Asker: 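Input: one structure, supplied below.
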Amino acid sequence: MSRRPYLAANWKMNKTVAEAEDFLDRFLGDVGGLEDRDVVVCPPYTALAGAVERCRRSPVRVAAQNMHEEVSGAFTGEVSAAMLTSLGVEAVVLGHSERRALFNETDEALARKLPAALAAGLEPILCVGESETQREERATEAVLTRQIEADLAPIEDGRLADVVIAYEPIWAIGTGKTATPEQAEEAIAFIRSLVAARDTASGEAVRILYGGSVKPDNASDLLGREQIDGALVGGASLDPADFLAICEAA
Ligand code: PGA
């Protein structure tokens, strides 16, 4: 089965409105050859509207980095799915390890956010992955099983492949310590088997990305692997030429 490659630029808490627009002015001029893949940029909330405007007549789509599961209410500092779709945002990163570790995002919250995102018409990019200690303790598969089973529990089988999954081993994020293509492929095949255990067709169709120190010089080794459908890129996505090179490697 050939799955459409998916490349996402996770800018985290980087880029002002002007910096985001400058990135896109440079990046969008060169995306002509990327029409056969999904290319998504994830700016901070403040730069979403400007990014949507810049990307309007391009193959690039815009994602948020988080959202709240409720439609509205007394949730100071939070943003709902409807607020994002009303801007023209089309996808949302959920469960990034930084949100899990620094902002106490739980699997229970994610099990509410995922159906809320889908119901609003947002494509969720669900991040999962083990810590260094968990890998050393050979607990990688147990961690991935717990996260995938809990986070996707409320999603009906027929919609599982509408979720994009990113396997991001925490020890590889922002460390320059990339997982080997073998390690990444093994974990991704395992995640795929978890989805397939719920629904065979969804297991084949679901896009599973690798994230963690993806750079232009390691992208083709990772993205050349049968199981690895794309990349969620942090640091290297801040530079338009670097992110373009990674997109082209897919
Ligand atoms: P990195 O971040 O590419 O800087 O390691 C990846 C991520 O956190 O999504």
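These numbers were taken from a predicted model, which means no experiment stands behind them. Note: hydrogens, waters and symmetry copies are ignored here, and every other heavy atom, side chains too, is used. In listed order, ligands and their atoms are each counted from 1.
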Asker: Please say whether more than 12 non-hydrogen atoms of neighbouring residues, nucleotides or ligands are located less than 6.0 Å from CD in Glu186.
Answerer: no

Asker: Can you tell me which residue and heavy atom of the protein come closest to atom 9 (O) of ligand 1, and the distance to 0.1 Å?
Answerer: Glu168 OE2, 2.7 Å

Asker: Among all protein heavy atoms, pick out the one at the shortest distance from atom 6 (C) of ligand 1; state its residue, atom name and that distance to 0.1 Å.
Answerer: Gly234 N, 3.5 Å

Asker: Is Gly211 close to ligand 1, meaning an N/O of one under 3.5 Å from an N/O of the other?
Answerer: no

Asker: Does some non-hydrogen atom of Lys215 fall short of 4.0 Å from ligand 1?
Answerer: no

Asker: With a cutoff of 4.0 Å, is Ala236 in contact with ligand 1, counting heavy atoms of the residue only?
Answerer: no

Asker: Any atoms of ligand 1 less than 4.0 Å from a non-hydrogen atom of Gly174? List them with their elements.
Answerer: 1 (P), 4 (O), 5 (O)

Asker: Looking only at atom types and distance, does a side-chain atom of Gln183 sit under 3.5 Å from a main-chain N or O of Thr180, one as donor and one as acceptor?
Answerer: yes

Asker: For residues Ile191 and Tyr167, report the shortest heavy-atom separation together with the two atoms involved.
Answerer: CD1-CB, 3.8 Å

Asker: Check Ala172 against ligand 1 and report side chain, backbone, both or neither, counting heavy atoms closer than 4.0 Å.
Answerer: backbone

Asker: For ligand 1, which atoms sit closer than 4.0 Å to a heavy atom of Lys12?
Answerer: 2 (O), 7 (C), 8 (O)

Asker: Report yes or no: does Ser202 contribute a side-chain atom to a donor-acceptor pair with the main-chain N or O of Asp157 at less than 3.5 Å?
Answerer: yes

Asker: When you look for heavy atoms under 4.0 Å from ligand 1, do you find them on the side chain of Ile173, its backbone, both, or neither?
Answerer: both

Asker: Do Phe27 and Cys247 come close enough that some side-chain heavy atom pair is under 4.5 Å?
Answerer: yes

Asker: Any idea which atoms of ligand 1 are less than 4.0 Å away from a heavy-atom of Gly212?
Answerer: 5 (O)

Asker: Spell out, as yes or no, whether a donor-acceptor pair under 3.5 Å connects the side chain of Arg225 to the backbone of Pro181.
Answerer: no

Asker: Identify the protein heavy atom lying closest to atom 4 (O) of ligand 1, giving its residue, its atom name and the separation to 0.1 Å.
Answerer: Gly235 N, 2.8 Å

Asker: Could you tell me which atoms of ligand 1, counted from 1 in the order shown, lie closer than 4.0 angstrom to a heavy atom of Ser213?
Answerer: 1 (P), 3 (O), 5 (O)

Asker: Identify whether the distance between the nearest side-chain nitrogen and carboxylate oxygen of Arg207 and Asp38 falls below 4.0 Å.
Answerer: yes

Asker: Which ligand 1 atoms does His96 reach within 4.0 Å, using its non-hydrogen atoms?
Answerer: 7 (C), 8 (O), 9 (O)

Asker: Checking Arg135 side chain against Glu130 main chain: does a donor-acceptor pair fall under 3.5 Å?
Answerer: no

Asker: Is it true that Arg100 and Asp151 have a side-chain N and a carboxylate O under 4.0 angstrom from each other?
Answerer: yes

